[in-house]
Amino acid sequence: MVRLNKKYVLPFVSKEELKNIGPMVSAAHKLLREGTGAAADRLGWLDLPATYDIAEFEDIKATAKKIREICDVFVVIGIGGSYLGARAAIEFIKSEFCNRFGGGPEIYFAGNNISAASMANILELCRGRRVCINVISKSGSTTEPAIAFRIFRGLIEETCGIEGARERIFVTTDRTKGYLRKFAGQKGYTTFTIPDDVGGRFSVLTAVGLLPIAVAGLDIDELMAGAGEARLAFAEPDLDKNDSLCYAALRNILYRKGRVTEILVGYEQYMQMFCEWYKQLFGESEGKDKKGIYPSSLIFTTDLHSLGQYVQDGLRNQFETVLRVMEPDVDLVIPDDPENIDGLGFLSGMSLSFVNQRAMEGTLLAHVDGGVPNLVIEIERRDERNLGSLIYFFELACAISGYLSGVNPFDQPGVEKYKNNMFALLGKPGFELRKKELEDRIR
Ligand code: PA5
């Protein structure tokens with residue numbers, strides 16, 4: 001289960017501040033639970049671990065098993081909330097080298113950019129191999145995955161024929177809306193449904209995340225069970241008894257004191273993509289109406305040799321949230337060397353995890369001394385169950401944070417701006433006037 005350690009933030013936040021924000025947090029929690037706050041039709045994720053479609057869940061497991069048997073490469077096509085959760089979960093459990101461990105197909109993520117270089121690389125990795133694709137788009141109309149889908153569908157049809165492609169293309173999309181649902185129906189592809197009331201960045205525990213996660217060989221029963229435990233553990237409206245609400249409260253207090261940047265810190269490389277998932281979750285949910293905490297991330301000790309200097313000594317407008325796994329699942333011992341020419345004799349026989357832990361403890365103290373508040377989020381171990389709990393912990397805290405700062409955490413109107421300019425500049429029908437205006441500006 002997830003626990004919030006407040007020891008390193010208390011020098012920056014008084015008990016009174018926490019007490020004063022308590023009623024606001026409970027009120028936000030009530031709005032969420034009763035569905036009376038902003039975007040009440042987007043709260044499906046809240047009870048998903050208890051209300052998910054069991055038949056579809058079993059279908060996902062069976063399909064994942066089949067995909068593992070029939071392909072060497074599995075390409076997941078999606079952007080934003082339609083890929084980050086799956087990638088975060090897979091790398092968290094199987095590491096950044098996931099394609100080399102644990103059997104099953106290699107998994108690549110496409111359609112989350114418009115880089116020809118990246119796409120060409122993935123196509124090259126598919127050459128001469130058995131490929132399956134899972135295109136994921138709730139709206140069914142997002143440009144980046146739509147382009148990638150055209151390209152990879154073409155590849156599969158070319159190598160396996162139209163009939164063969166039907167066995168190898170899997171579509172995850174909205175129940176009714178968007179071209180993708182219609183197209184999949186026409187082509188006879190296997191489809192999975194993203195519930196109407198679950199938005200992209202809150203959808204990792206739907207088919208959006210679950211199918212790729214299961215294809216990677218992770219135990220999605222455990223993942224859901226962990227989320228289910230968190231749902232019960234964090235149902236309490238009192239922040240003294242609810243660490244997810246307490247985390248939201250502390251972030252809000254720090255923000256009001258000018259701490260406008262949150263740095264999610266991991267001491268493990270496998271946390272990198274989880275940090276990306278967190279950044280999208282909070283950034284798209286909170287960053288609107290000209291306000292919001294800027295979510296960022298660092299992996300220590302790697303980044304202590306780059307941005308660590310800034311955190312220790314730079315502008316004091318940030319706080320850190322450290323993600324800590326209490327029991328290491330892998331360890332190594334530093335070998336003894338009687339010659340001790342490198343001067344590391346004092347580390348001989350110590351485990352790497354212990355050294356990493358000491359680095360974390362030393363850094364926490366140094367950063368607190370340097371004036372940076374630190375929150376610590378702890379899970380017992382790295383497994384699917386704890387990961388499920390962690391996902392739910394952050395989703396709940398994110399929704400509460402949005403309500404606390406008076407924004408709708410479930411929309412993303414700002415994303416349309418770049419799209420409209422891009423469409424106009426590319427000559428999409430209907431954007432002709434805007435095209436001329438933009439071209440004048442960039443000339
Ligand atoms: O969180 C969100 O809603 C977004 O990040 C979407 O997931 C992202 O824009 C992709 O949208 P779609 O799944 O409709 O292609």
Side-chain angles (χ1 to χ4, degrees), residues 39 41-42 44-45 74-88 107-119 122-123 132-156 169-187 189-212 273 276-277 279-285 287-288 408-431 434:
D41 58 346
R42 281 283 176 278
W45 56 273
F74 183 57
V75 181
V76 180
I77 297 173
I79 194 166
S82 287
Y83 95 101
L84 279 163
R87 187 161 178 194
I107 302 183
Y108 298 105
F109 293 86
N112 55 67
N113 56 66
I114 319 178
S115 158
S118 169
M119 186 90 78
I122 300 176
L123 284 167
C132 282
I133 61 177
N134 179 201
V135 56
I136 307 169
S137 177
K138 179 156 166 96
S139 63
S141 61
T142 307
T143 312
E144 290 88 341
I147 294 172
F149 184 40
R150 263 199 191 197
I151 293 174
F152 283 94
R153 182 165 54 84
L155 173 85
I156 294 189
I169 295 178
F170 301 85
V171 175
T172 307
T173 190
D174 190 85
R175 196 179 307 277
T176 50
K177 286 186 277 221
Y179 99 95
L180 204 49
R181 167 66 58 186
K182 202 164 147 221
F183 187 74
Q186 282 167 3
K187 294 278 183 181
Y189 299 147
T190 301
T191 58
F192 293 96
T193 301
I194 309 172
D196 296 344
D197 54 1
V198 181
R201 56 194 173 275
F202 288 83
S203 69
V204 52
L205 298 175
T206 70
V208 169
L210 294 175
L211 181 62
M273 284 310 298
E276 296 304 317
W277 172 79
K279 284 195 270 195
Q280 193 237 349
L281 178 66
F282 280 82
E284 243 179 36
S285 301
K288 49 196 73 157
N408 174 358
F410 305 111
D411 66 0
Q412 55 282 333
V415 181
E416 296 309 312
K417 280 274 178 203
Y418 99 88
K419 285 191 200 168
N420 290 337
N421 285 353
M422 179 178 77
F423 290 149
L425 287 167
L426 288 168
K428 186 172 178 179
F431 289 81
R434 185 111 177 100

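In what follows, every heavy atom counts, from backbone to side chain, and hydrogens, waters and symmetry copies are set aside.
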Self-check item: Heavy-atom pair with the smallest gap, counting every atom of N408 and A39
Solution: OD1-CB, 3.5 Å
Self-check item: Atom pair CD/CD1 of Q280 and I79 - distance to nearest 0.5 Å
Solution: 9.5 Å
Quiz item: With under 30° as parallel and over 60° as perpendicular, where do the rings of Y189 and F149 fit, or are they tilted in between?
Solution: perpendicular
Practice problem: Decide yes or no for E276 and R87: does some side-chain heavy atom of the first lie under 4.5 Å from some side-chain heavy atom of the second? | Solution: no
Exercise. For D197, check side-chain contact (heavy atoms from CB on, under 4.5 Å) against everything at least two apart and list the hits.
Key: P195
Quiz item: Can you check side chain to side chain contact (heavy atoms under 4.5 Å, CB included) on D174 and I194, steps first, answer last?
Solution: CA-CA 5 Å; D174 190 85; I194 309 172; 5.7 Å; no
Practice problem: Determine, stepwise, if the pair F152 / I122 fulfils side chain to side chain contact (heavy atoms under 4.5 Å, CB included). | Solution: CA-CA 10 Å; F152 283 94; I122 300 176; 3.7 Å; yes
Quiz item: For the residue pair S203 and V198, what are the closest heavy atoms and their distance?
Solution: CA-CG1, 3.7 Å
Quiz prompt | Non-hydrogen atoms of D196 and R42 that approach each other most closely | solution = O-NH1, 3.0 Å
Quiz prompt | Spacing of I156 atom CD1 and C132 atom SG [to the nearest 0.5 Å] | solution = 6.5 Å
Distance-only donor-acceptor hits, side chain of residues 420-427, under 3.5 Å, sequence neighbours excluded:
residue	atom	partner	partner atom	Å
N420	ND2	E416	O	3.4
N421	OD1	R434	NE	3.4
N421	OD1	R434	NH2	2.7

Self-check item: Non-hydrogen atoms of A86 and V204 that approach each other most closely
Solution: N-CG2, 4.2 Å
Exercise. Check whether any side-chain heavy atom of I151 sits under 4.5 Å from a side-chain heavy atom of M119, and report yes or no.
Key: yes
Exercise. Evaluate the side chain to side chain contact (heavy atoms under 4.5 Å, CB included) criterion for residues M273 and F109: first the C-alpha distance (whole Å), next the side-chain angles of each, then the deciding distance (0.1 Å), finally the verdict.
Key: CA-CA 12 Å; M273 284 310 298; F109 293 86; over 6 Å; no
Self-check item: Criterion side chain to side chain contact (heavy atoms under 4.5 Å, CB included) on I136 and F170, from CA distance to verdict
Solution: CA-CA 9 Å; I136 307 169; F170 301 85; over 6 Å; no
Self-check item: K182 atom NZ: more than 12 heavy-atom contacts under 6.0 Å
Solution: no
Practice problem: Can you sort out the partners of E144 under salt bridge (Lys or Arg N to Asp or Glu O under 4.0 Å), two or more places apart, ordered by chain and number? | Solution: none
Quiz item: So, the side chain of S115 versus the backbone of S118: is there a donor-acceptor pair under 3.5 Å, distance only?
Solution: yes
Quiz item: Does V208 offer a backbone N or O that forms a donor-acceptor pair with the side chain of K138 under 3.5 Å?
Solution: no
Quiz item: Which heavy atom in G111 sits nearest to a heavy atom in A148, and how many Å separate them?
Solution: CA-CB, 3.6 Å
Quiz prompt | Min side-chain heavy-atom separation K419-T143 under 4.5 Å | solution = no
Self-check item: Separation of R201 CZ from W277 CH2 (nearest 0.5 Å)
Solution: 11.5 Å
Practice problem: Using side-chain hydrogen bond (donor to acceptor under 3.5 Å, both in side chains) as the criterion, point out the one residue from T191, N134, T206, T193 that pairs with T172. | Solution: N134
Practice problem: May I ask you to decide if P413's main-chain N or O and K288's side chain share a donor-acceptor pair within less than 3.5 Å? | Solution: no
Quiz prompt | Non-hydrogen side-chain atoms of F202 and S285 separated by less than 4.5 Å | solution = yes
Quiz item: What is the distance from atom CD1 of I114 to atom CD1 of I147, rounded to the nearest 0.5 Å?
Solution: 5.5 Å
Quiz item: Taking all non-hydrogen atoms of both residues, which atom of P145 and which atom of G78 are closest, and how far apart?
Solution: CB-CA, 4.1 Å
